[in-house]
Amino acid sequence: MASAAPSTGRYRLAIASRSLAAILGSYGLAVLTSLAITAGLANVLGARDAVTLGRMIGFLVYAGAAIWAFGCRSAESAWTGIGLASALAALGLLAAGGAA
Amino acid sequence: MKGRKGQDLGLRQSMSWLHGWSGLLLGWLLFAIFFTGTIAYFRQEVTAWMQPETAASRPSPQAAELAIAKLAAVAPDAASWRISLPNDRSNTLGISWRKAQPETRARGGNGRGERGGEGNRNRGRRGGGRDRGESLTLDATTGATITPRETAGGTFLYRFHFELYALPREWARWIVGIATMAMFVAIISGVITHKKIFKDFFTFRPAKGQRSWLDAHNATAVLALPFHLMITYSGLLLFASTLLPWAGDMAFGEDPRASRAEARAAQAREVEALQARLADAAGTDPAMAPIAPMLARAERIWGQPASRITITDPGKPGALVEVLPTRNDSLAQHSGSGGLGAVKLRFAGATGALIDEQRDAPGSAIATIDTALGSLHRARFAPPGLRWLFFLAGVGGTVMVGSGLVLWSVKRAEKRKGAPGHFGHKLVDHLNVGAVAGLCIATAGYFWANRLLPARLDDRGEWEIACFLAIWLASFVHPLLRPLRAAWLEQLTAAGALFAALPVLNLMTSHAHLGVTVPAGNWMVAGFDLVALATGLALLAAAAKLRRRIARAASKPPVATHAARLAAE
């Protein structure tokens, strides 16, 4: 993380930002992913299986995103990555919602 | 997880940081969840120990007949009878009955209007407290009514591990769910931190302070890593509808339970039609066919004995007998607690003829994976030997979380090189005592309360729980008044003594002590005493080790050994 820790304040801010990205950002991404999978696959798998699969993958996405938020280069890239992935999931959800 | 090539060290460092903090912040709660959840693998056995009045009952081949005779005497006009036969996890005979046909069959009321603490009451204990009818516990050999003391039993510890206590159900599930998610993140980041994890597993450096704690943490983590991953991920899936609710709302519309309610209604109509056909065939003869041949037939078909019998409209021409097996024999099988899809056999009450054989409907691949993970979490399919393996893995998980918490303290103490820690470190050091050793004392105290509270106390189960909570709270206050090492030493000693003395307390307060249960081969109850003794001795050994460590440290210069002292803790 903060390589030379320019100042404790900035370091702490970065940690707080990453934590928010990991806790809330990842949750948003997990919710959107599970909804996109449910909406996209409900016609293929049936409603119950689509919901289950969406949730199964949702939890994995949450864990992966939370870890990535701390493993990536900076707090900014944590938010950018999670934001982009969320936007993708939201697009998928919209597309599936339009198709259904 | 991009861009890790070339900055591997950075990744491992940040993962180590994430592992430490996500583990610490919810570690106290996780320790309690693992501790009580591990005991919950034997919750029926724990309840049996807490109701020593039931210990004299021995399983017998005529148990089902005894139950039917009793039901015919006390509830001849009931709409339905239910019999729980003795099995390898219960030596008593349970009967219950319902007067009028209620509209909420099976799990209809689940999740609504049922307060969190209500299931603690242990009424109709095998049904998990879901039934609203009346029930009795019988001696399985004589058929005599047993009146066991009221207890919160193993059920309290089981429910505590996922619903805590006295919190609104949804809140409690969210809190436990968040802790579970943190656990999942901590496990994965822990694995990334320890790339040499399997090599580390074979490294144990005893009596080396921080190294030893690290090795203990790694060994318990790696040894049962598949178990930890399984129990955490399946725990999340069991809470999925709480933690990720909207997918269900989207797919099932306003009322997510509507499709289930519909399926239940269809099942009820089917049973009604079946009973009408049976009644036509039987004419007006109200006599019931003997139950023994039906049970023998069931055992031949399943290869395992029946554990539950439900008789709808007993004594009427349309009487229907449903028989359920003792345990699921496949991971992919739904739980057999009255939910949809349970394996069962149906017999005509009047003739004893087998009408149909319900198997678990094979689900889709996704449903099968979901069910299998749920089965693994609850070990519903597990015969006793396998259940012990799950229990031991749970003990490993409990030690993993506990040693991880201590490691957090020790690591920082070693970095400080003997300097006193700031407020945050001190707080963690002290909370660790209550969270780890204190919970052991509280649990032992819960079992002591079970024996020492007056047998006829009103709300006795609630009093047992109150003792548990009061002792646990006190164990958080105690470390604030004592030096840290003394607090650990005293609490470990207290917990060890209380656990180790449980068989003695049992000897003095019941007729179901080791002197009776071992000769009688009643390992279900004897097992509790023996595990309590082993737990107590292990805690006392830890205390003795700590005492030696403190004595040795006292004879060396303080700065160099401060960390070693903490390490000993």
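Letters A, B, ... are given to chains in the order of the sequence lines, protein chains preceding strands, and every chain is numbered from 1.
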Practice task
Give a yes-or-no answer on whether the side chains of A/S74 and A/S77 include a donor-acceptor pair shorter than 3.5 Å.
Solution key: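 Looking only at side-chain atoms, A/S77 and A/S74 do form a donor-acceptor pair, the distance falling under 3.5 Å.
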Practice task
Please collect all salt bridge (charged side-chain N to carboxylate O under 4.0 Å, His left out) contacts where either partner lies in residues 29-41 of chain A, sequence neighbours excluded, each pair once.
Solution key: none
Practice task
Mind ranking A/V51, A/I37, A/L45 by heavy-atom pairs under 4.5 Å with chain B and telling me who comes out on top?
Solution key: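 Heavy-atom pairs under 4.5 Å are most numerous for A/V51.
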Fill in the blank from the handout: Greatest number of non-hydrogen atom pairs under 4.5 angstrom with chain A, of B/I187, B/L373, B/V185, falls to B/V185
Exercise for the section: Against chain A, work out which of B/L243, B/D370, B/I366 has the most heavy-atom pairs shorter than 4.5 Å and name it. Expected result: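 Heavy-atom pairs under 4.5 Å are most numerous for B/I366.
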Problem - Shortest non-hydrogen contact between B/L376 and B/M230, atoms and distance - result: CB-SD, 3.7 Å
Handout entry: Heavy-atom pair with the smallest gap, counting every atom of B/P245 and A/Y27
Key = CD-OH, 4.2 Å
Handout entry: Side chain, backbone, both or neither of B/L244 within contact of chain A (heavy atoms, under 4.5 Å)
Key = both
Is chain B contacted by the side chain of [X], its backbone, both, or neither, given a heavy-atom distance below 4.5 Å?
X     : answer
A/A66 : both
A/I23 : neither
A/A63 : both

Problem - side chain to side chain donor-acceptor pair (under 3.5 Å) partners for B/H19, two or more places apart - result: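 Applying side chain to side chain donor-acceptor pair (under 3.5 Å) to B/H19 gives none.
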Problem - Aromatic plane relationship, B/F239 with B/F162 - under 30° parallel, 30 to 60° tilted, over 60° perpendicular - result: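 Tilted, since the angle between the ring planes falls between 30° and 60°.
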